[in-house]
Chemist: 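Structure incoming, see below.
These numbers come from the heavy atoms of this one structure, side chains and all, not from hydrogens, waters or symmetry mates. Keep in mind the model is a prediction, meaning the values are calculated, not measured. So you know, we letter chains A, B, ... as the sequences are listed, proteins then strands, and number each from 1.
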2 protein chains.
Amino acid sequence: MSQGSGNTPPKRPLTLRDVSEASGVSEMTVSRVLRNRGDVSESTRAKVLEAARELGYVPNKIAGALASSRVNLVAVIIPSMSNMVFPEVMTGINDVLEETELQPVVGITNYKPEREEAVLYQMLSWRPSGVIIAGLEHTEAAKAMLGAAGIPIVEIMDTDGEPIDSAVGISHRRAGRKMAQAIIDAGYKRIGFLGTKMPLDHRARKRFEGFTEVLAKAKLEIADSEFYSGGSALKKGREMTEAILKRNEENPLDFLYYSNDMIGAGGLMYCLDNGIDVPGQIGLAGFNGIEFLDGLPRKLATMDACRLEIGRAAAEIIAKRVETPDAPGGEVVTLEPSLAYGDTLKRKKKPI
Amino acid sequence: MSQGSGNTPPKRPLTLRDVSEASGVSEMTVSRVLRNRGDVSESTRAKVLEAARELGYVPNKIAGALASSRVNLVAVIIPSMSNMVFPEVMTGINDVLEETELQPVVGITNYKPEREEAVLYQMLSWRPSGVIIAGLEHTEAAKAMLGAAGIPIVEIMDTDGEPIDSAVGISHRRAGRKMAQAIIDAGYKRIGFLGTKMPLDHRARKRFEGFTEVLAKAKLEIADSEFYSGGSALKKGREMTEAILKRNEENPLDFLYYSNDMIGAGGLMYCLDNGIDVPGQIGLAGFNGIEFLDGLPRKLATMDACRLEIGRAAAEIIAKRVETPDAPGGEVVTLEPSLAYGDTLKRKKKPI
DNA sequence: ACGCGGTATGTTATCGCTAAAAAATTTGAT
DNA sequence: ATCAAATTTTTTAGCGATAACATACCGCGT
């Protein structure tokens with residue numbers, strides 16, 4: 001009779017049985033009501049819901065998942081949270097999963113392969129319904145786990161390589177090539193490169209490779225380069241730009257290619273502050289298409305990495321595969337990064 | 001005899017029993033080996049590990065959690081992922097939890113109370129070991145759930161109010177007051193405010209309240225204000241600054257207080273581009289202390305919101321409480337936001 | 001040989017829920 | 001009324017692990 005009106009914090013956690021007793025039906029029926037499954041008469045449904053609400057019952061998904069062997073989690077494994085790009089991917093993933101009953105669980109690897117392996121193991125031990133993981137490069141053990149997991153795997157950001165299952169991303173090599181071509185077409189000759197030291201950022205590396213490849217075809221090569229790690233990227237961009245320009249004063253560079261927009265923006269500010277004519281005297285370009293470039297005094301040339309879109313597409317693949325478990329899989333979505341010339345990269349010269 | 005060398009992806013998912021059979025010991029012993037609990041002889045330990053590795057067995061935490069009623073998840077509920085501040089809080093949380101066996105699970109509310117309630121319900125149904133949730137304002141239902149969950153709860157970002165259990169943050173009222181005082185002390189009189197429209201951002205509201213309160217004591221009030229929503233904050237800051245300055249040309253403002261650094265930076269750039277003397281003709285200040293301010297041509301005055309530190313402290317509270325379950329709880333950590341004058345806010349005038 | 005204090009392993013009984021099958025109830029056509 | 005068909009509800013068995021207890025084993029002093 002006395003169920004208490006939910007004011008006293010219960011010492012023993014509530015279970016289906018409590019709701020069952022409070023509403024006078026079997027546990028199974030309560031379970032059905034709470035999951036909206038199977039036919040339940042309107043009257044018992046109301047009774048049960050009322051009792052559950054009254055008690056403040058929250059179903060135990062651990063038990064539910066074990067019993068039904070259905071886990072509505074999607075493991076998301078990304079290198080970092082602190083550089084704007086992955087939060088945005090996350091936003092895309094969230095937007096899509098919000099509409100489903102799937103829920104993302106995030107693991108951070110800090111760009112360390114062994115950390116990735118450990119995080120993946122942790123994640124898989126929750127038996128998620130799918131995995132979204134950044135990059136195509138993983139340890140052998142990680143690849144084995146992913147291959148054997150028997151769930152949809154989507155490798156994101158990059159499509160230059162062999163995916164384990166599905167992949168969504170852009171070709172970073174192509175992005176590098178495209179940018180190089182635009183720079184060459186605009187007539188720049190002495191090109192400097194500025195980027196991170198991080199040797200494990202495969203995507204930056206691939207962009208660089210594509211970039212130099214096209215340069216080489218035009219009988220050009222990187223005239224000088226500068227690398228950084230840690231710290232405020234904007235400030236670093238400024239400092240590196242100063243350093244590389246000063247170092248090449250007697251034979252000045254006419255273009256600077258930055259491996260991301262933050263350092264690019266720093267470089268742009270340095271140029272503006274020092275009265276350097278952009279893009280006349282020197283051209284600049286970054287990578288990522290981060291939103292705030294819009295507010296800069298001059299718009300930095302960049303290439304959109306389609307971050308939000310990648311997140312959405314990856315989540316959609318997982319969602320679809322969860323709905324139709326025997327669909328084929330292996331889908332590869334290559335998004336086309338669009339080049340934004342902005343105000344720091346001259347347009348192609350008129351064909352002669 | 002033939003266990004297969006793990007090359008064939010098994011149709012039936014692996015369980016303890018498989019490892020048990022492969023290694024010729026009981027499931028319990030396998031479990032003990034895999035968790036490093038209890039005494040197991042070196043020889044069987046080796047046998048078991050070898051078998052597990054060979055098979056590619058990954059333990060099922062769902063089952064483990066149910067059996068042991070220990071779930072090493074920490075629910076983290078935040079409003080958004082897209083504005084720099086929460087990713088940084090997440091980084092702090094991650095840094096600390098990485099050292100423990102706890103794992104964060106993130107839910108995004110998009111600043112919507114009803115969404116928060118739903119996300120919280122989802123999260124609690126995983127029976128996490130703790131909850132870290134942004135803000136002190138929640139729906140009644142959400143408060144009830146948090147109160148009844150029987151696990152450590154840490155409300156973060158804000159300490160102006162009554163926490164349910166523990167709290168880590170800064171006093172946004174105090175932050176507003178402090179900034180107002182600094183502005184008054186510097187001798188500014190006609191102050192404009194620029195912020196987001198978001199009526200549900202309680203922390204921005206509290207800063208505003210503290211700010212106007214101190215202004216009122218000095219017989220001052222906000223001379224004009226401007227609000228925005230959506231879009232590139234940097235660009236909006238620029239536009240809003242232009243608008244508010246133009247609108248007050250005949251009786252010009254001498255200070256602009258921005259509710260975040262992004263729009264503040266936009267405003268700063270507008271001023272610099274238009275040859276406005278900062279901080280002589282007009283002073284500027286933002287809020288957050290985001291890293292990239294370092295790279296701006298002039299350093300915006302701001303107040304650090306201690307984001308990383310908040311994340312760490314919150315995670316530490318949870319970790320400690322998980323270790324010592326009968327510790328008291330109710331800990332409130334109020335961090336002191338430090339005022340950075342930068343180059344856009346004059347120092348206090350010498351006392352007369 | 002006996003029994004003692006260990007350590008090393010195995011057994012049994014849940015954990016809280018859901019799938020599947022069985023039972024009870026209602027409906028409806030004759 | 002009557003019985004088959006349809007609907008609603010209950011019962012029975014796990015899901016894959018772990019806690020707690022039970023047993024087997026080992027060396028060793030007497």
Chemist: Is it true that B:Asp18 and B:Arg12 make a salt bridge, defined as a side-chain N closer than 4.0 Å to a carboxylate O?
Modeler: yes
Chemist: Indicate whether any N or O donor in one side chain lies under 3.5 Å from an N or O acceptor in the other, for B:His138 and B:Glu116.
Modeler: yes
Chemist: Does B:Thr29 place a side-chain N or O at less than 4.0 Å from the phosphate oxygens OP1/OP2 of C:dG10?
Modeler: yes
Chemist: Listing time: all N or O pairs from protein to nucleotides 12-15 of chain D that are below 3.5 Å?
Modeler:
| unit_1 | atom_1 | unit_2 | atom_2 | d |
| --- | --- | --- | --- | --- |
| D:dC15 | O2 | A:Leu66 | O | 3.4 |
| D:dC15 | O2 | A:Ala67 | N | 3.2 |

Chemist: Quickly work out the A:Asp18 CG to C:dC17 C1' distance and round it to whole Å.
Modeler: 13 Å
Chemist: Starting at the 5' end of DNA chain C and moving along, which residue's nearest nucleotide shows up first, A:Lys61 or B:Val25?
Modeler: B:Val25
Chemist: Touch check for A:Asn60, heavy atoms < 4.0 angstrom, all strands: base, sugar-phosphate only, or nothing?
Modeler: sugar-phosphate
Chemist: Distance check needed: D:dT10 C1' versus A:Arg37 CZ, whole Å only.
Modeler: 19 Å
Chemist: Round to the nearest Å and state the distance from A:Asp39 atom CG to C:dT26 atom P.
Modeler: 16 Å
Chemist: Send over the distance from B:Arg45 CZ to C:dT7 P, rounded to a whole Å.
Modeler: 16 Å
Chemist: Is there a side-chain contact between B:Ile108 and B:Phe86 in this structure, where contact means two heavy atoms from C-beta onward sitting under 4.5 Å apart?
Modeler: no
Chemist: Between B:Glu331 and B:Ser166, does the side-chain hydrogen bond (donor to acceptor under 3.5 Å, both in side chains) criterion hold? Intermediate values first, please.
Modeler: CA-CA 5 Å; B:Glu331 192 176 345; B:Ser166 295; 5.3 Å; no
Chemist: Does B:Thr91 reach the main-chain N or O of B:Pro87 with its side chain, forming a donor-acceptor pair under 3.5 Å?
Modeler: yes
Chemist: Please list, one pair per line, the donor and acceptor atoms closer than 3.5 Å that link side chains of residues 314-323 of chain A to other protein atoms, with sequence neighbours excluded.
Modeler:
| unit_1 | atom_1 | unit_2 | atom_2 | d |
| --- | --- | --- | --- | --- |
| A:Arg321 | NH1 | A:Asp165 | OD2 | 3.4 |
| A:Arg321 | NH2 | A:Asp165 | OD2 | 3.4 |

Chemist: According to side-chain hydrogen bond (donor to acceptor under 3.5 Å, both in side chains), who are the partners of B:Thr159, at least two apart in sequence or on a separate chain?
Modeler: none
Chemist: Would you find a donor on one side and an acceptor on the other, under 3.5 Å apart, between the side chain of B:Ser23 and the backbone of B:Val19?
Modeler: yes
Chemist: Can you list the residues that meet the side-chain contact (heavy atoms from CB on, under 4.5 Å) rule with B:Glu101, with sequence neighbours excluded?
Modeler: none
Chemist: Taking for each residue the nucleotide of DNA chain C bearing the nearest heavy atom, is the 5' side occupied by A:Ser31 or by B:Glu27?
Modeler: B:Glu27
Chemist: May I have the distance from B:Ile62 (atom CD1) to C:dT18 (atom P), rounded to whole angstrom?
Modeler: 13 Å
Chemist: Examine D:dG16: is either OP1 or OP2 under 4.0 Å from a nitrogen or oxygen in the side chain of B:Tyr57? Give yes or no.
Modeler: no
Chemist: Between P on C:dA19 and CG on A:Leu16, what's the gap in Å once rounded to a whole number?
Modeler: 12 Å
Chemist: Kindly say if A:Arg70 contacts the phosphate of C:dA19, meaning a side-chain N or O under 4.0 Å from OP1 or OP2.
Modeler: yes
Chemist: Between A:Ser31 and A:Arg35, do the side chains contain an N or O donor and an N or O acceptor separated by less than 3.5 Å?
Modeler: yes
Chemist: Charged N to carboxylate O under 4.0 angstrom, B:Glu50 versus B:Lys47?
Modeler: no
Chemist: Can you tell me which stems involve DNA chain D, if a stem is defined as three or more consecutive Watson-Crick or G-U wobble pairs, both distances under 3.5 Å?
Modeler: C:1-30 with D:1-30
Chemist: Within less than 4.0 Å of OP1 or OP2 of D:dA19, is there a side-chain N or O belonging to B:Arg35?
Modeler: yes
Chemist: Do you see a donor-acceptor pair shorter than 3.5 Å between the side chains of A:Arg312 and A:Asn94?
Modeler: no
Chemist: How long is the line joining CZ of A:Arg12 and P of C:dC15, in whole Å?
Modeler: 10 Å
Chemist: Using whole Å, what does the distance between atom P of nucleotide C:dC17 and atom CZ of A:Arg127 come to?
Modeler: 21 Å
Chemist: List, with names and distances, any nitrogen or oxygen atoms from the protein found under 3.5 Å away from nitrogen or oxygen atoms belonging to nucleotides 21-24 of chain C.
Modeler:
none

